[in-house]
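Accompanying notes for the structure given below.
Chain naming here is simple, since letters A, B, ... match the order of the sequence lines and numbering starts at 1 in each. Note that the coordinates shown come from a computational prediction; the quantities given were computed from them, not determined experimentally.
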Amino acid sequence: MLEIIASSAEDARDGYDLQKAMKWFDLSPEDRDRTMQLGEISESVAEAIIEAFYEHLLSDPVAAQHFHGPDHVEKVKAGQLRYFRELISAELDDDYIADRRRIGGIHERTGVTPTLYIGAYAFYLNRLATIVLDRMKEEPDSAFPLLLSLFKFAHFDMALALETYVDTREETIRDRERELSELPTPVLQLRPGLLLIPVVGTLDSFRARALTVQLLEGIRAHRARAVVLDITGVAAVDSAVANHLIQTMSAARLMGVRSVLTGLSAEVAQSLVKVGVTAEKLQTAGDLESGIELADRLMAG
Amino acid sequence: MQVEGALGGDIQAIRRDADVISARQSGRQIAERMGYSRPDQALIATAISELARNIVNYAGKGEIEITPVRRRGRMGLRIIARDHGPGIEDLERAMADGFSTGNSFGLGLPGAKRIMDDFDVVTAVGEGVVVTAIKWMGR
């Protein structure tokens, strides 16, 4: 199960394995044949169901906010009509998959939540199934398999759209993270020759490299002789982060600059020692003030 | 050993640096809820960090599972780090300080081992790594 979930997420990035997905949803060409038999009934009632759905939807003031004007509502209705027509009869091919996934992305961007989407789906399926069972009440044994096939398709469909919904959201989050990680770290001159660099946020290898570059440029620009690196604002200090900091400080040392690390909490210091990070290579001070004093002494000495 | 469901637990997919941070924060919160001291919370968070970073660096992706457990009346926090990456060829060397095939201190596994009370690695080349580690309370 986990394997399948993980691989479906991967498919979303690396191209979709339709065969595998159909197997997972137990979908076969016979299912399509069966839903096609619902075509006539569905075609005759789809519009009415959608009308009823929008009446239901627009009676909710929050949901109604999604629409700007009657034209917009009509456009969305037309889209939905096409959507449900394809659910019944579209060929299961790459175009279909691409279309369903596109819809997931649109939903994410336009604020159509999974609740709204699945709710709309449930509304349509319930109404349609009720009508189908009513019209075929003389032959319920043939009606059921048709509906079961329809439900399989509906679930397959929802999974596609939601998968993309999530992917789109993750992409947005990744973009934000990247923006944040690209925020420049300020290099402040405390007094001639002494720099202060407050490091804030997370320190991954990308940011650590950027930090090193900024530090070295700052040293050159300000002709600094000592630097205080304050990591009070670093979210997670572990051996990898410590390694980045040591490399940054070694680079400064190569330019003839002494650096002092401050802002390490007692707990973090203890964990780092336990992990095996040694303080030999690091000049540290308990707080910013003593860090600045230490840097002053290093500059003088 | 029994799983303490009431105290919550978490499973976090690890694919990039940001996931390492989420996993360690989640571990710290669970440890806090269980009543671990602040230094112990920091130790647990660090161990999770080291294990999760190993996943990012060597396997690319995997997961961290954090579960409160109980054995003979004693509470503990179990961390399982699981990946399907290349596996570890020479486990003995990987468990030694300073051994690293990546650009790091090579403290990940031995460091996490020093922090945790129970530590077990199962690995096969080409199949991945599963590390199971427990920090017992009040030790």
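- More than 12 heavy atoms of other residues, nucleotides or ligands lie within 6.0 Å of CZ in Arg70(B), so this atom counts as buried by the packing criterion.
- Closest of all the heavy-atom pairs between Ile115(B) and Ser271(A) is CD1-O, 4.4 Å.
- Ser239(A) and Glu50(B) make their closest contact through OG-OE1, 2.6 Å (heavy atoms, listed as atom of the first residue, atom of the second, distance).
- Contact tally against chain A (heavy-atom pairs below 4.5 Å) for Ala47(B), Ala45(B), Ser49(B): the top residue is Ser49(B).
- Enclosure of atom CG in Asp287(A) by more than 12 non-hydrogen atoms of other residues, nucleotides or ligands within 6.0 angstrom is indicated.
- In terms of the side-chain contact (heavy atoms from CB on, under 4.5 Å) criterion, residue partners of Ala252(A) (sequence neighbours excluded) are, by chain and number, Leu215(A), Ile219(A), Val257(A), Ser259(A).
- No more than 12 heavy atoms of other residues, nucleotides or ligands lie within 6.0 Å of CD in Glu289(A), so this atom counts as exposed by the packing criterion.
- Residue Lys152(A) places its NZ atom among more than 12 non-hydrogen atoms of other residues, nucleotides or ligands, all under 6.0 Å distant.
- Each salt bridge (Lys or Arg N to Asp or Glu O under 4.0 Å) pair with one or both residues in residues 206-215 of chain A, not counting sequence neighbours, would appear here, but there are none.
- With a 4.5 Å cut-off on non-hydrogen atoms, Arg28(B) does not touch chain A at all.
- Looking only at side-chain heavy atoms (C-beta outward), Asp238(A) and Arg53(B) come within less than 4.5 Å of each other.
- Both the backbone and the side chain of Arg114(B) have a heavy atom closer than 4.5 Å to some heavy atom of chain A.
- Put simply, the side chain of Gln270(A) does not reach to within 4.5 Å of the side chain of Arg38(B), judged on heavy atoms.
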Checklist entry - Taking it one step at a time, do Lys274(A) and Leu43(B) satisfy side chain to side chain contact (heavy atoms under 4.5 Å, CB included)? => result CA-CA 8 Å; Lys274(A) 193 110 186 196; Leu43(B) 286 174; 4.0 Å; yes

